[in-house]
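Chain naming here is simple, since letters A, B, ... match the order of the sequence lines and numbering starts at 1 in each.
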Amino acid sequence: MNFVEELTWRGMIHDIMPGTEELMEKEMISAYVGIDPTADSLHIGHLVGVMMLKHLQLSGHRPLALVGGATGMIGDPSGKSAERNLLDEETLRHNQNALKAQLAKFLDFESEIPNKAEIVNNYDWMSNFSFLDFIRDIGKHITVNYMMSKESVKKRIGADSKTGMSFTEFSYQLVQGYDFLHLYNEKNCKVQMGGADQWGNITTGTELIRRKVQGEAFAITCPLITKADGGKFGKTESGNIWLDPERTTPYAFYQFWLNVSDEDAKKYIKIFTLLSKDEIDNIIAEHFKEPGFRLLQKKLAEEITVMVHSRDEYEMAVKASKILFGKATSDELSKLNEATFLAVFDGVPVFEVNKSEVEAGIHIMELLADKTTIFPSKGELKRTIKGNGLSINKEKFTDENGIVDSKYIINKKYILAQKGKKNYFLITLV
RNA sequence: GGGAAGGUACCGAAGCGGUCAAACGGGGCAGACUGUAAAUCUGUUGGCUCAGCCUUCGUAGGUUCGAAUCCUGCCCUUCCCA
């Protein structure tokens, strides 16, 4: 199965330029995906592009990851309704280094193979490119009419646009187009890949290559990842799902995939795992025999968590999930040794309270809404208790005038508070 | 520079002198059901020393027994004309 066939059955191709597949059959090619270094970690929204590169390398071609140091300073107008904030160079450099380290988990940058992956940074060739040279050598080849016809531009200068569009953002597609030209010349890179929203920017690049050096370049875009319920992929109430364990704990990461709907899981498992078509068909068939078991989500979460973090982190996340969502009782909780206990609750907000105050017996209101900020007000705590939504150490706490004392202490120094089903808080006694 | 409209709780949006801690919708949170899902149903959604009190309707003053509601200044937003 070649690269294009592989991506096709996985549902990862939205649009492809005629001739791309033929070219890739004929020779080993280089292709690139651009990544904006707006933060010092990738999030799962970047994962599709990264997976495209992964498949590219697996099929014997050469992946290039372009870190957009220069373009990141401008901001891509595609899909944006307002002008972007600009990043300074120091932040960019820091972000770039962090991204490089994360990409190394997916792509082989080290081995002495002909299709070894490479990271390039457009800041390196853009920063010394003078404005005058740029508009003379590059701008000359593309008409404003052509640039204006792009959807991303039309949207911003149309009558219904409120904020308008700066010249800086307007130039974005030309700068990105130049990246492609540069890589075409320097790295013999003939294909650019990206999300469906990048089609306009990518074609500016192929157009530029055609006009400037009479070369032929190609494009592949993947569909934007959606959710069946219309929500935004990769976002939860608490924000983005990051690959960096400091930003999103492996447990939260695992939980994200585990909570995906059936419809979405069917799509995602093809895109985000390397499981073969047969394996996936099997899993889907098994899943729908007993959907409540959620085999599909479990497999999806396992594959991605292991790939992004590690087998160990994955196993810890499963263990934590069993305790947090299973029928664990306060009895079982207290049986956990301290190391396991802490590992399970890694990432759960922790509050410190004076030990002697609890041993003497403390009013529930004072403990949860005064000594700690688990509840922002006593009124809210009261409501939660009335609604049967508060548990201490996995057991319902229903008395709004209750007292918490030494018999609630686990492992000599912990109390586990739970708001609803999913929100845990750890109180450490000091 | 001229003219018009408007700023209400997380968001949208009613209220236009007392019965307003403020309708309604969305969102959030919690409960039931369930598959840690979706859909649905229920409760809740300013704070407190909680049948009462305190702080909130852009902001600062004023009128009034009483103001989100009336008046004045200021700030901000949007639209139309130049």
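Residue-level contact check: A:Glu380 touches neither bases nor backbone, having no heavy atom under 4.0 Å from any strand. Among the heavy atoms of the strands lying under 4.0 Å from A:Arg383 are primed sugar atoms or P, OP1, OP2 only; no base atom is included. Looking at heavy-atom distances under 4.0 Å, A:Leu258 makes contact with a base. Using a 4.0 Å heavy-atom criterion, one finds that A:Gln297 contacts the bases of the nucleic acid, with or without backbone contacts as well. Residue A:Gly292 is classed as a base contact, given a heavy-atom separation below 4.0 Å to a base. At a threshold of 4.0 angstrom between heavy atoms, the contacts of A:Asn423 are confined to the sugar-phosphate backbone, with no base atom among them.
Base pairing of B:A51 is not made with any nucleotide, judged by Watson-Crick or G-U wobble geometry with both donor-acceptor distances under 3.5 Å. Base pairing of B:C70 is made with B:G62, judged by Watson-Crick or G-U wobble geometry with both donor-acceptor distances under 3.5 Å. Pairing of B:G6, defined by two Watson-Crick or G-U wobble distances under 3.5 Å, is identified with B:C76.
Using C1' as the reference atom, B:C57 and B:U69 are 10 Å apart when rounded to the nearest Å.
The nucleotide whose nearest atom lies closest to any side-chain atom of A:Asp262 is, among B:G35, B:G31, B:A37, B:G35. Taking the side chain of A:Arg294 as heavy atoms from C-beta on, and the options B:G31, B:C48, B:U36, the nearest nucleotide is B:U36. Considering only side-chain atoms of A:Ser321, the nucleotide from B:C48, B:U34, B:U36 that sits closest is B:U36.
Taking only side-chain nitrogens and oxygens, A:Lys382 never comes nearer than 4.0 Å to OP1 or OP2 of B:U44. Distances shorter than 4.0 Å separate some side-chain N or O of A:Ser377 from OP1 or OP2 on B:G47.
Ion pairing between a basic and an acidic side chain is recognised when a charged N comes within 4.0 Å of a carboxylate O; A:Asp264 and A:Lys266 show no such pairing.
Taking the ring axis of A:Phe109 as reference, the NZ or CZ atom of A:Lys116 does not stay both within 45° of it and closer than 6.0 Å to the ring centre.
Nearest heavy-atom pair across A:Ala117 and A:Leu107 is CB-CB, 3.9 Å.
Between A:Asn388 and A:His287, the one whose closest nucleotide on RNA chain B sits nearer the 5' end is A:Asn388.
The six-membered or imidazole ring of A:Phe345 lies away from that of A:Tyr414, with a centre-to-centre distance of 6.0 Å or more.
Taking the six-membered ring where the residue is Trp, A:Phe425 and A:Phe351 present tilted rings, their angle falling between 30° and 60°.
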